[in-house]
Each structure stands twice: as structure tokens, then as C-alpha cells.
Amino acid sequence: MLKMSGLTKRYRTGDLALREIDLEVPDGQVMALIGPSGAGKSTLIRCINRLVEPTSGTVFLNDIELNALHRKGLRRARRNIGMIFQEYALVERLTVMENVLSGRLGYVGFWRSLFRKFPRPDIAEAFRLLERVDLDPMVDKRADELSGGQRQRVGICRALIQNPLLLLVDEPTASLDPKTSRQIMRLICELCKERGLSAIINIHDVQLARIFAERVVGLRMGEIVYDGLPDRLTPKVLTEIYGEEDWETTIGGEKTGGGDAGENEGDDEDAGPHPEKERLAGMI
Amino acid sequence: MAVITKDGKRSWRRRSLRNQLAVQAGWLGAAVAFLVCWRFISEKTIWMFVLDAPQQAADLASRMAPPDWSYLAKLWKPLWDTINIATLGTLLAIVLAAPIAFCAARNTTPNSLLVRPVALFIIVASRSINSLIWALMLVTILGPGILAGIVAIGLRSIGFCAKLLYEAIEEIDPRQVEAVTATGASTAQVTAFGIVPQIMPAFAGISVFRWDINIRESTVLGLVGAGGIGLQLNASIMNLAWTRVSVILLIIISTVVFSEWISARVRQAFI
């Protein structure tokens, strides 16, 4: 279980990106983190694996206090936290295989990694993962030869080969087309289910969050303003997270796709169509 | 950029009137400075010597032709020395420049208060001294010969290679580095997997470009006794053996053309 308490980040410029965040993510839960640009979503997940140092507060992954760790301990803890990035962040001039195997760097010594002498089981696992995401013909291609969706699948393999307890996913679909976005989100969620992983997924697209996440947390100005089920995201809640806008179209548009337009408009209690219908709508 | 409001209508001109005048005054000043300098140089020139320059040049050319091709046999060894000086000197420079570049780049320096200024100083010191002067000093330290030439080329090239390399390091994509860091990799592994692949094309380009420059520089090192074909060039000029000088110049030109061809090929291969 991941547990944050009183997590605060103030940047050197004085901007308060996170204000006293308290958040728990149980094992195996896929949680979407939504909110406007600059709300602190990226900062929040980077404060967990300390790519950004939090100013105060604590983060526990199971019983390890991540923010008390020093260099070596931190590296060891990072092995348990996989990360998937916006724009993939693959090492462009390395091959697909090298990119996937770089997920094992925390387990392999420097010289072995320099000469690419990764242990046999790691290489076998890399093949298995690449096969799982339908990329095995691309093993020897350089990362910059792949399409966006393919690159993101390599990024997913790189995170999973770490054999992590937790996935941090930063805007995985921001540079993908709508269809690929859905495929990538579905893949991430399926893989989390298969391996019992918990995940925090930063996402701009409210509809995708509603379709794929079990829980949605809304962040505004570094504070949690919503924490609940995806189908409780009403226009009122969205207004609170993002500000005034005609949210009916965001939610209502999906309803039309589901074939029950207008039926429960303004009905806050059980707004939002059935997730299965959303999924089907996404397939079209 | 100036927006001018006149009779309630807005109009736009590239510069406001004041800026326009300042720019024109600047051009006027530059023109005056040019004319003043021209007059100064003209006063210090003995025009009689300049006026017969075409005859002098034609005379020299006639004394250089035809090239004394029999001299060529004695040039292969010094030419080989010259190429070796350039190549080994470049290798020496690359080996020393790589760590200095990592110390000098803002995003990889271990310490920006102490280590970075020292690295930058090494770069500036190496760049500000011409290889001929390095060679002059090294000949007195190491004695005349190829070794002095290699070290001179190496010391001169450290600054060039390290400067271009550290600029390449500062321009890498930080997200790729972040991603490798997030896997739990050590600093050395982050460098090897996240940074080195990104700077490889720049590294290869810089190395062959410098090697190409060094071929040219090492042809003159012999003038101060640091080995290579410059020794023969100096001797031939001293003896007024102009037909030999022309052979040496021709062979230098063909070597330089060859080295440019090779460096172009290498740069193409490494994109």
C-alpha cells in the first residue's frame, strides 16, 4: 500500500505545487489523477519516487519510508516503482531490447550493464513482455524508428520488467491519437490486473479516466478536491476541479454513444453510464 | 516594434522614430570608423612594394614550377609522421576531453562551485594557446621530435573537443535521463544508458572534425622542430628550393582533401 501524508512541495521559485496531500492507494488499485495543467499532478507522482524532492511530509510504500532514504536505499526502492512517461522518454538511440532491459539497471552491476551482459532470465522476461504487448518483431529496431503507440508499449515493458509493486504513469496518452490512447490505457489496466499492481495514472482526458480507472482523484491548485468513484464525476465535480465550463458535453457526449442520451441528465446520484457500455463505445 | 496612434487610428512600424535614428547613427559611425582605419593602414603601407606584387608573385610561381617530383620519395616518411601526430594527438585529446566535458556541463558536473570552474579554465587555457606555441614550449621540455608534436596537438585539441562536447551534454533530452533514473539505476549507469547514447553522434562528429583540423595543424609543427612534414617545408624554404616547396604544398593539399573526405563519411555514418 502507498500512503502519503502531509506531502508538500514548494519549488524554489516559491510556487506551492502540493499542499499537505494525504492519500492512500491500496494494493491492486488503479487510480486516475485528474486536474488542470499546473495542478501538481506530475509533481505528486514525482515526489513518490523522488525525481522531485518533496519539501515536507512522508511517503510510505508498504513499510518503507521513501523520503527518509539515502542514495543506495532510494535506488533500491525505485526498483519497486515502475514509471511510464508522457512522450515515452525512451532512450531514442538505443534498441527496443536495450530500452526494455534498462528497466533492470537497478539489479545489474555497472560493468555488466555497460557491456549489455544482462542475466538470461532478464532477457527471457523481456522477450515475454514484448510478446505480451505484440512488439516481438521490433526487438532489434531502434526506439526512434517506432510509432507513438509502439514506443509507449516499450515504455510499459521497461516499467514492468522492474517487477514493481507500484506503477506511476504520467500522461501516458498525451501524445497519442484517440484510438491508440484507449488501447494503451486498456493495456496498462489489464497488466495491472494481471500482476495485482497498484497504479497512479495522471491523465488529462476525463473520459479515459472514467472508462478505465477504479477510482478518480481530482487535484486543483495542489489540493485534493475530489476522491471517489469515476461515475460520480458530475458536472458539478468537474467544475470544482477544472473551473466553470459546459461539462454536460463531456459526460453527455458519452451518454449519446451509450444510447441513453438525456435520460439521467442532471441526476447527480447515478450519473454516468455503465462502464461496460463506455468500453464498448471506446471500441468503435 | 512600435505601435503609433494617430487621429485615433493605430498603425505599426518596425521601429519607433528614436530607435530608427539610433540605428542609422550606428551605421554612420561604423562607416566613419572604416574610413579612418583605411587611411591609417594606407599611410603605413609602402605602396611601392605592393604595386609590384603581381610581378613578385609571378616570379615566385615561376621558380616553384615545375615541382621537383624526385623529392617526393623523401617525403613519405615525414608525411606518415604528420598523419600519426594528428591521429594520436586527437586520440589523446578525446580521452582527456570526455571527463572534462562531463565536469564542465551544468547538468552533469559533480560540483558547480569548484569542479566546473576548474574544467572551464582547462578548456579556455587549452583553446587560447595555438598549437605552434604549445609545440614551441614542448620542444624545449621534451626535446624535438614526434612526441612533442603529439602532445602539442593533444593539449591544443582538449579545449575544442571538451567545449563542443559539454555543449552537446547540456542539450540532451532530460526526460530520457529521468526515465533511466526512475528504474533505480546508479549514477554511472544513468550516464551510460541515459546520456552517452544521446551524445554519441556529437562525439563522433567532434572527433573526426578535430582530427581533420589537426592534420592541417600538424603540417606546420615541423617549423619549430616538433616532427612531421613541416621540417622539410622549413628546410626547403630556407634553402630557397622552391620546386621542392611546391611538391610539399601539393602533397599537403591532397592529404587535407583526403582527411575531409574521411571525416564526412564518418559523420554520415553516425547520425
Side-chain angles (χ1 to χ4, degrees), chain A residues 42 45-46 48-52 69 71-95 98-116 142-144 154-155 158-164 167-171, chain B residues 94-95 98-99 101-103 105-113 115-116 164-208 265-271:
Chain A
S42 282
I45 63 167
R46 279 172 169 72
I48 295 169
N49 64 358
R50 284 174 56 192
L51 289 177
V52 170
L69 295 171
R71 291 172 71 108
K72 198 160 184 186
L74 176 62
R75 289 213 310 266
R76 205 160 287 226
R78 276 177 177 160
R79 303 191 307 201
N80 294 326
I81 306 172
M83 194 158 177
I84 296 169
F85 294 82
Q86 183 177 5
E87 317 237 353
Y88 337 116
L90 301 180
V91 182
E92 298 283 313
R93 292 178 43 81
L94 294 184
T95 63
E98 285 173 307
N99 268 292
V100 174
L101 286 173
S102 71
R104 295 301 292 176
L105 285 178
Y107 297 90
V108 177
F110 173 71
W111 293 106
R112 292 195 77 169
S113 67
L114 185 68
F115 295 109
R116 310 296 193 257
R142 233 166 71 168
D144 52 10
V154 176
R158 175 174 63 186
L160 289 179
I161 203 171
Q162 286 178 236
N163 207 4
L167 273 190
L168 303 175
V169 191
D170 191 15
E171 300 286 359
Chain B
I94 292 169
V95 169
F102 275 96
C103 291
R106 272 191 201 86
N107 47 352
T108 54
T109 184
N111 178 316
S112 52
L113 283 178
V115 177
R116 183 160 189 264
L164 291 181
L165 197 57
Y166 98 70
E167 282 171 356
I169 295 172
E170 286 184 348
E171 280 167 19
I172 57 170
D173 175 6
R175 288 171 309 178
Q176 298 178 29
V177 181
E178 199 181 34
V180 178
T181 313
T183 65
S186 66
T187 315
Q189 286 174 322
V190 172
T191 307
F193 270 74
I195 299 175
V196 170
Q198 292 196 59
I199 58 169
M200 268 323 271
F203 181 74
I206 292 163
S207 307
V208 289
R265 292 295 297 265
V266 172
R267 262 174 282 173
Q268 238 167 27
F270 257 95
I271 289 169

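Small disclaimer: the values here were computed from a predicted structure and weren't measured. Lettering follows sequence order; numbering is per chain, from 1.
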Evaluate side-chain hydrogen bond (donor to acceptor under 3.5 Å, both in side chains) for A:Arg71 paired with B:Thr187, printing each intermediate quantity in order.
CA-CA 10 Å; A:Arg71 291 172 71 108; B:Thr187 315; 3.2 Å; yes
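For A:Arg158, the part sitting under 4.5 Å from any heavy atom of chain B is the side chain, from C-beta outward, and nothing else. At a 4.5 Å heavy-atom cutoff, the contact between A:Glu92 and chain B is made by backbone and side-chain atoms alike. Heavy atoms of A:Phe110 lying under 4.5 Å from chain B belong to its backbone as well as its side chain. For a residue to count as touching a neighbouring chain, one of its non-hydrogen atoms must lie under 4.5 Å from one of that chain's; by this rule A:Arg50 does not touch chain B. In this structure, chain B has a heavy atom under 4.5 Å from the side chain of A:Arg46, while its backbone stays farther away.
The OG1 atom of B:Thr181 lies 10.0 Å from the CG atom of A:Leu74; values are rounded to the nearest 0.5 Å. Expressed to the nearest 0.5 Å, how far CZ of B:Arg175 lies from CG of A:Leu51 amounts to 14.0 Å. With rounding to the nearest 0.5 angstrom, the CE atom of B:Met200 is 11.0 Å from the CG atom of A:Leu94.
Looking only at side-chain heavy atoms (C-beta outward), B:Phe193 and A:Arg116 come within less than 4.5 Å of each other. Side-chain contact between B:Pro197 and A:Glu98 is absent, with no heavy-atom pair separated by less than 4.5 Å.
The nearest pair of heavy atoms linking B:Gln189 to A:Ser113 is NE2-OG, 3.4 Å. Residues B:Thr183 and A:Gly103 share a closest heavy-atom pair of CG2-CA, 3.9 Å. B:Ala179 approaches A:Ala89 most closely through the heavy-atom pair CB-O, 3.4 Å.
Counting heavy-atom pairs under 4.5 Å between each of B:Ser186, B:Gly184, B:Ala192 and chain A puts B:Gly184 at the top.
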